[in-house]
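Lettering of chains follows the sequences in order, A, B, ..., and the numbering in each one begins at 1. Just so we're clear, the structure is a prediction, and the values are computed from it rather than from any experiment.
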Amino acid sequence: MLFDDDPLQRETIASVMVPVAVPGPYTYKVPPGVSVVPGTIVRVPLGPREVLGAVWDNEPDPAINPKKLKSISHVYEGARPLDKDLRRFIDWVANWTLAAPGMVLRMVLRSEEALEEEPPVAGVRKIEGAAPERMTPARSRVLETMEDGFAWTKSGLAHAAGVSPSVIDGLLHQEVLEVVSLPAAPPPPKPQVDFCKPDLTPAQREAADGLIESFDKGAAVSLIDGVTGSGKTEVYFEAVAEALRRDRQVLVLLPEIALTEQFLRRFEQRFGVYPAEWHSEVSPKNRARTWRGVASGDVRVVIGARSALFLPYLELGLIVVDEEHDSAFKQDDRVPYSARDMAVVRGHISRFPVVLASATPSIESRVNADMGRYRRFVLPERASGAALPELKAIDMRHQGPERGRWIAPELLVAMKEAFADGAQTLLFLNRRGYAPLTLCRTCGHRFQCPHCSAWLVEHRFQGRLVCHHCGHNEKVPESCPSCGSVDSLIACGPGVERVAEEVADRFPEARTLILSSDLPGGPDRLRREMKIVEEGGADIVIGTQLVAKGHNFPKMRLVGVIDADLGLAHGDPRAAEKTFQLLAQVTGRAGRVTGGGKGFLQTYSPDHPVIKALLSSDRDAFYEAEIAARQAAGLPPFGRLAAIVVSGPDKRFAEDFARAFVRAAPREPAITLLGPAEAALAMVRGRYRYRLLAMAPRQLDLQAYLRAWLEQAPRPVKGLRVQVDIDPQHFL
DNA sequence: GCGGTCATTGGA
DNA sequence: CCAATGACCGCA
């Protein structure tokens with residue numbers, strides 16, 4: 001805050017938010033002759049170091065001793081102050097997540113480089129008429145390359161001429177070349193709204209028109225609920241085009257970096273240019289450019305991961321959240337926010353439309369749509385006209401494979417047909433490794449993780465037993481550690497490696513490929529292999545959940561789910577929802593382009609509502625059943641799932657607090673603890689000591705509830721962390 | 001969040 | 001005995 005209207009010329013002071021976990025802004029002196037406004041980005045001393053900060057709106061804390069005040073040490077004149085909407089957003093997110101506001105600000109000020117002008121690049125240019133004393137082949141190649149008279153960067157020139165940089169240095173030394181300063185990179189080209197207008201189906205057109213209308217309605221939220229392959233992207237591209245026509249910036253959020261590459265290509269086909277990218281793998285330099293471009297308005301469209309929500313847009317006018325149901329939009333360290341929900345909040349604060357898109361919307365978005373809070377646009381058919389895959393259950397109780405095999409006869413027959421037709425098959429099993437459990441046939445010893453209670457999963461390629469929970473791993477022993485028997489260990493149940501073994505046995509002539517995140521070679525290899533599958537270079541693919549997203553596999557016509565029940569029995573209250581979403585996405589791969597796709601679900605519970613809804617392709621049936629099931633379990637139809645994590649210095653008291661909460665919460669009708677109290681109080685490793693899972697209805701202000709709880713505690717509780725996984729619609 | 005401070009642990 | 005490691009505090 002600026003107090004320069006003070007007639008006594010008292011020293012001016014300002015509130016400054018610092019990017020650390022303190023409860024609120026700190027007060028600093030403003031050096032004479034300097035003026036700051038709320039939002040100004042500054043550098044201030046904090047303890048023994050200096051940190052970035054932003055001038056905040058709060059009145060300076062009157063309790064602070066004025067003698068203690070330090071001065072703002074630097075004002076970033078070149079950077080535009082953070083605008084009022086962004087400051088309100090930061091405060092809102094901090095309050096909602098119970099995180100320190102400074103930690104939210106930190107997400108905005110992530111690129112320190114961006115606050116200064118980009119330094120000019122040194123280039124070299126040929127001096128007119130100059131020639132080296134002694135011509136060498138390398139030197140003449142350099143001079144030939146420079147015939148055009150343009151300036152080059154040193155490394156670019158060395159590369160183009162095929163010489164080492166020292167050759168260039170030599171020519172500089174002899175004053176044949178001179179150093180010039182190259183102008184900074186020009187602003188990126190603007191997307192062209194009408195570069196390549198798509199042909200939309202009537203259903204797509206209707207949805208697109210609906211989205212365009214929403215621009216005149218302030219903070220409207222729309223849900224595009226379209227089956228896999230229905231062309232949701234083309235629909236929201238029309239909303240992107242509308243925002244661009246209105247000279248507003250656009251943010252498209254994707255759950256995963258792996259999806260950006262093909263998105264970039266599609267965007268370029270539609271708008272003629274690449275949008276700016278923002279995610280953790282973007283280099284610091286490009287990150288700084290995008291940050292500056294977003295703030296100046298040079299960048300019109302950003303495609304990014306959740307953190308792109310915290311960029312300082314000049315005139316943001318649309319956020320699209322693609323695959324809105326995806327849990328990768330949730331961050332659970334530091335500031336635990338859901339980018340989907342905070343996108344809705346940001347749209348609300350700045351009065352612009354937000355579009356959520358998914359083939360399998362989250363329960364909360366679906367309920368919001370049903371209650372009229374969101375507009376819902378349904379795309380029931382594939383845009384290509386291809387039919388949705390025909391799905392069939394294989395009842396493993398009667399039609400299962402023989403002992404020690406995992407692929408049922410009926411699925412094998414379909415695989416043979418697909419192989420004969422030159423079509424691809426995907427066998428989906430969301431379990432890495434060879435076998436999820438190893439036991440000793442002599443004494444019955446089961447290999448368990450020494451840190452958690454999970455079974456150790458055998459990874460035969462690596463020859464190790466691995467805990468998928470905490471990462472613990474050990475070599476597969478020669479003999480049983482319990483009874484000492486040799487050659488007595490047996491693998492129980494299938495993982496992708498084991499299914500691949502069976503496929504190799506049944507289809508020796510087929511080209512098979514395992515797609516699993518833990519195979520040696522890392523992300524590069526995975527990317528290559530995805531490409532191989534895309535181009536038809538594999539006949540049978542055995543994959544974990546990473547095959548569910550992105551990537552079109554044009555030749556894929558058959559999907560076999562090895563264990564459709566996996567995930568349904570989980571203690572997670574969202575287990576059914578997650579399984580439905582995953583299996584709908586996976587089976588949706590079949591015949592996505594060509595039609596004629598088929599899918600098989602191997603299951604022991606063909607009557608489970610999730611399986612039945614998948615089989616009938618009746619998505620409404622799933623949502624109705626799931627909402628009813630939650631009500632029957634005494635949970636709010638959809639609520640706010642809170643993990644209350646208690647840690648801190650006084651461990652014994654933290655434990656007491658956790659136990660007291662578990663005892664009291666069931667009597668508080670507004671909060672439902674999930675599972676038996678003992679199970680709900682589960683120790684987690686690392687910094688957190690206790691994690692309680694509670695489901696609270698949307699009407700309850702969980703923050704207020706917890707604050708009241710803390711006030712009645714006999715001693716102050718430190719280190720209480722609350723992770724809230726909630727839908728903030730109600731509070732807007 | 002991070003750097004400084006102070007206490008605890010562990011190797012002689 | 002001290003060095004290394006870890007918990008905790010305060011920052012304006």
Please work out if [X] contacts a base, only the sugar-phosphate, or nothing of the nucleic acid, heavy-atom cut-off 4.0 Å.
X	result
A:Asn65	nothing
A:Arg49	base
A:Leu69	sugar-phosphate

Interatomic distance, [X] [atom1] vs [N] [atom2] [rounded to whole Å]:
X	N	atom1	atom2	answer
A:Arg106	C:dC11	CZ	C1'	14 Å
A:Leu46	C:dA12	CG	C1'	8 Å
A:Tyr26	C:dG10	OH	C1'	7 Å

OP1 or OP2 of C:dA12 sitting under 4.0 Å from any side-chain N/O of A:Lys70?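 Yes, such a contact exists.
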Mind checking which nucleotides bracket the chain A contacts on DNA chain B, 5' to 3', with an atom under 4.0 Å from a heavy atom?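 Range of nucleotides touched by chain A: B:dG1 to B:dG3.
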Residue pairs passing the side chain to side chain donor-acceptor pair (under 3.5 Å) test where at least one lies in residues 296-312 of chain A, sequence neighbours excluded: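 Listed once each, the pairs are A:Trp278-A:Ser307, A:Ser296-A:Asp298, A:Arg300-A:Glu315, A:Arg306-A:Gln331.
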Do other residues, nucleotides or ligands put more than 12 heavy atoms under 6.0 Å from the CZ atom of A:Arg80?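 Yes.
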Heavy atoms from other residues, nucleotides or ligands near CD of A:Glu118 exceed 12 (cutoff 6.0 Å):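 Check passes, neighbour count above 12.
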Which one of A:Val355, A:Val354, A:Leu356 satisfies the side chain to side chain contact (heavy atoms under 4.5 Å, CB included) criterion with A:Val320?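 Among the candidates, only A:Val355 passes.
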Give a yes or no answer on whether the side chain of A:Arg340 reaches the backbone of A:Ser327 with a donor-acceptor pair at less than 3.5 Å. no
Verify ring-ring contact (aromatic ring centres under 6.0 Å, His included) between A:Phe89 and A:Tyr313, making sure each step is shown before the conclusion. CA-CA 12 Å; A:Phe89 181 61; A:Tyr313 300 91; over 10 Å; no
